[in-house]
Structures are given as C-alpha cells and as structure tokens.
Amino acid sequence: MPELPEVETVRRSLEKHLLGRIITEVIINKSKIIKFPEPEKFKFLLEGDKINSLGRRGKYLLFCLKSGYTWVTHLRMTGQFYYVKPEESLLKHTHLIFELDNGYQLRYVDIRQFGTMYLLRPEEFKLIKGLRDLGPEPLSNGLSFDRFCRLLEGRRGALKQLLLDQTFLAGIGNIYADEILFDAGLHPKRLVSSLSLQEKKALLKSIQKMLQLGIENRGTSFRNYVDGDGRKGSFQELLKVYGRGGEACCKCGQPLTKQKIAGRSTCFCSTCQK
DNA sequence: CGATTCCCCTGATAGC
DNA sequence: TGCTATCAGGGGAATC
C-alpha cells in the first residue's frame, strides 16, 4: 500500500526513465481509473505531450507536462507503474498503457482498481478535494516544531486518527502511522489534547525519522508493492509493530496488541506505548 | 459539525 | 480438493 516513502521511491525510479519523454499513445483498457477529464479527452490531451518533471505531493504522483497540464495519479492500495519494453509479457490487471517516443511503454497495473488518475490545469487542482485539502509535507524544511504545534492546535481525537488524516500531514498511511507511534512511545488512542511538549517533540521526530527511513529503504513491500523498475523495497524487514499483532514486542517482549482504531487495524505495544 | 459505516475490488488465508 | 467467509485498506460518500 503505497504511502509517502513508496510513492517517493516510485517517483525516483520513474524519473530517470521519463524525463523529456513524449507520450505518443495512450491505450485505455479500464476507463474507470481515469476520473477527470473524460477518458477520451484524457487520452487526446496526453498524447503528444512531454514529461518535463516528476513530483510528489503526499501520496499523489505528479507528472508535470510541457503543455502546463499535470498528470496526477494516486496509486491507492495496489496501483503500480512498470517501465518496460513492448515485448515484455502483459501482467494481469494492466489497465493503462502509455507508449513513449523511445519505444518503451509505461504500464499501469492495479489489482484492486482503486487507483485514480487526473489530467489537470493549475486552476483545476482545487476540483480534487483530496489534493486541495492536503496538509504540509512532513519532510519539508518548512515543517518546524513551531509549525507542527500550530497544526496540532484545534485537532482532537486519537493520535492514530490524526496521523491518517491527510489534511493534517500529507502522505502517512496505516503502516507508517503504527511504526511512528511505536517509535515515539505513544499509544495510538492517546488524545492529541493530552500531549506534553516533550511528547509533541518526540512525535514530530518519529514522523520524520520513520518516513525518511522508509525512503532510504526504498519503501515497504508488505504485499506486492514494487517501484517502476519492478524492484521491491526492504522496509518490511524493519517493521516493529505493523502486521505483528500477537508477536513479542522487540523492546519488552510482551505480546503486541492488535485492535481496530479509527477504522484501521492497528498494532502496538501496550507496555511501551503510553 | 464530527464520528461511523459502507463501498469500491481482488487475492491471500483460514476454516470446514 | 474445493467451497465460503473474512480480512486487507485510501479515501469519498452516505448516514447517524
């Protein structure tokens, strides 16, 4: 499930292949992936355009085009891009194929079909609620401790819910939320309003540390995540709580608790996280 | 307004 | 072996 570190890894893997490439043809096998504009228009507009740069905002991947349009994609749960030669065998669930001017193809594969794509003019970004309401980038230099504290003001509810809220910070999902809270020693049900200054500092530090560590390890391949070159990440080997309910805590040896919090399965250590 | 539930979808896994 | 039930989950919409 691609979160910030996985999307960033995909961005980097694709960037080295796609900079300056022209999209010569778009083949649409599953039009429901394309949310805006209409798939026919999406195809018409994208064909002939050139990829100037690749960006990322939270979990959104942004292809910035010469025309001024931005091709926006969200991989959701199982979306994958593959940069391949045309003769490469076609994977099941290949929904879109983007032919490039160097003879290669960029293929979009998505088992659960939850992924979304848009082609937007700058003024159209505000039409996409998830993109418009995104909180700041957790790894940007602009996110000082002071700003983090201001973001926490007026927020209520449990920490787990807070971390998953994309309008708070952009890009954290279920895996990194659990790992961040374990690293910070904070219980997922702790109320935002109850955090001391020290705990806020620990939380921000763990957010930045775990996301950075995720990127350095090229993401988490828990189920089937791979980057644009088909390579797996290795962060799954460093997971201390996610997906480990019932196993012994690596710090204290007590069994880890698994519980549904904020609608998501949550793993934590009730001894180490207060 | 916030909190909860449903829904989209396929595949892995458990239980019988 | 093969069937069915359950779970996984980002985010939007509907509902409470």
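Below, each value reflects all heavy atoms present in this structure, side chains not excepted, and no hydrogens, waters or symmetry copies. Sequence lines set the chain letters: A, B, ... in the order given, protein chains first and strands last, and positions in each chain run from 1.
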Output the rounded distance in Å from [atom1] ([X]) to [atom2] ([N]).
| X | N | atom1 | atom2 | result |
| --- | --- | --- | --- | --- |
| Met117(A) | dG11(C) | CE | P | 16 Å |
| Gln259(A) | dC7(C) | CD | C1' | 17 Å |
| Tyr176(A) | dG10(C) | OH | C1' | 16 Å |
| Ile175(A) | dA8(C) | CD1 | C1' | 11 Å |
| Leu75(A) | dG9(C) | CG | C1' | 14 Å |
| Arg76(A) | dT10(B) | CZ | P | 16 Å |
| Glu3(A) | dA8(C) | CD | C1' | 13 Å |
| Phe168(A) | dG11(C) | CZ | P | 15 Å |

Would you classify [X] as touching base, sugar-phosphate or nothing, given that sugar-phosphate means primed atoms plus P, OP1 and OP2, and contacts are heavy atoms under 4.0 Å?
| X | value |
| --- | --- |
| Lys30(A) | nothing |
| Gly130(A) | sugar-phosphate |
| Lys35(A) | nothing |
| Thr116(A) | nothing |

Between Tyr60(A) and Gln166(A): side-chain donor-acceptor atoms closer than 3.5 Å =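 No, no side-chain donor-acceptor pair sits under 3.5 Å.
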Side-chain H-bond candidate by donor/acceptor type, His17(A) with Asp229(A), under 3.5 Å |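 Checked: His17(A)/Asp229(A) side chains pair up, N/O donor to acceptor below 3.5 Å.
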For the helix from dG2(B)-dC16(C) to dC16(B)-dG2(C), measure the angle between the helix axis at one end and the axis at the other, each built from five pairs, rounding to 10°.
->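 The end axes of the helix from dG2(B)-dC16(C) to dC16(B)-dG2(C) are about 60° apart, to the nearest 10°.
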For nucleotides 3-9 of chain B, which of its nitrogen or oxygen atoms have a protein nitrogen or oxygen under 3.5 Å away, and what is each distance?
from, atom 1, to, atom 2, distance (Å)
dC9(B), OP1, Lys32(A), NZ, 3.4
dC9(B), O4', Arg112(A), O, 3.4
dC9(B), O3', Gln113(A), NE2, 3.4

Do Phe235(A) and Tyr242(A) have ring centroids that are under 6.0 Å from one another?
->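 Distance test on ring centres: not under 6.0 Å, no.
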Taking the six-membered ring for Trp, are Phe148(A) and Phe168(A) parallel (under 30°), tilted (30 to 60°) or perpendicular (over 60°)?
->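 Correct class here is tilted.
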Would you call the rings of Phe42(A) and Phe98(A) parallel, tilted or perpendicular, where under 30° means parallel and over 60° means perpendicular?
->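 Perpendicular.
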Taking only side-chain N and O atoms of [X], does any of them lie within less than 4.0 angstrom of OP1 or OP2 on [N]?
| X | N | result |
| --- | --- | --- |
| Tyr242(A) | dA8(C) | no |
| His74(A) | dG11(C) | yes |
| Lys129(A) | dA13(C) | no |

[X]: side-chain contact (heavy atoms from CB on, under 4.5 Å) partners, not counting sequence neighbours:
| X | value |
| --- | --- |
| Lys189(A) | His187(A), Gln259(A), Ile261(A) |
| Gln254(A) | Cys252(A), Thr271(A) |
| Gln208(A) | Leu139(A), Leu143(A), Leu204(A) |

Residue whose nearest DNA chain C nucleotide is more 5′ - Lys260(A) or Leu134(A) |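 Nearest nucleotide further toward 5': that of Lys260(A).
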So which residues get pulled into Ile27(A)'s cluster when ILVMFWY side chains under 4.5 Å apart are joined, directly or through others?
->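 Under the 4.5 Å side-chain rule, Ile27(A) groups with Leu90(A), Ile97(A).
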Give a yes/no verdict on a cation-pi contact between Lys251(A) and Phe182(A), requiring under 6.0 Å between NZ or CZ and the six-membered ring centre and an angle within 45° of the axis.
->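 Verdict for Phe182(A): a cation-pi partner in Lys251(A).
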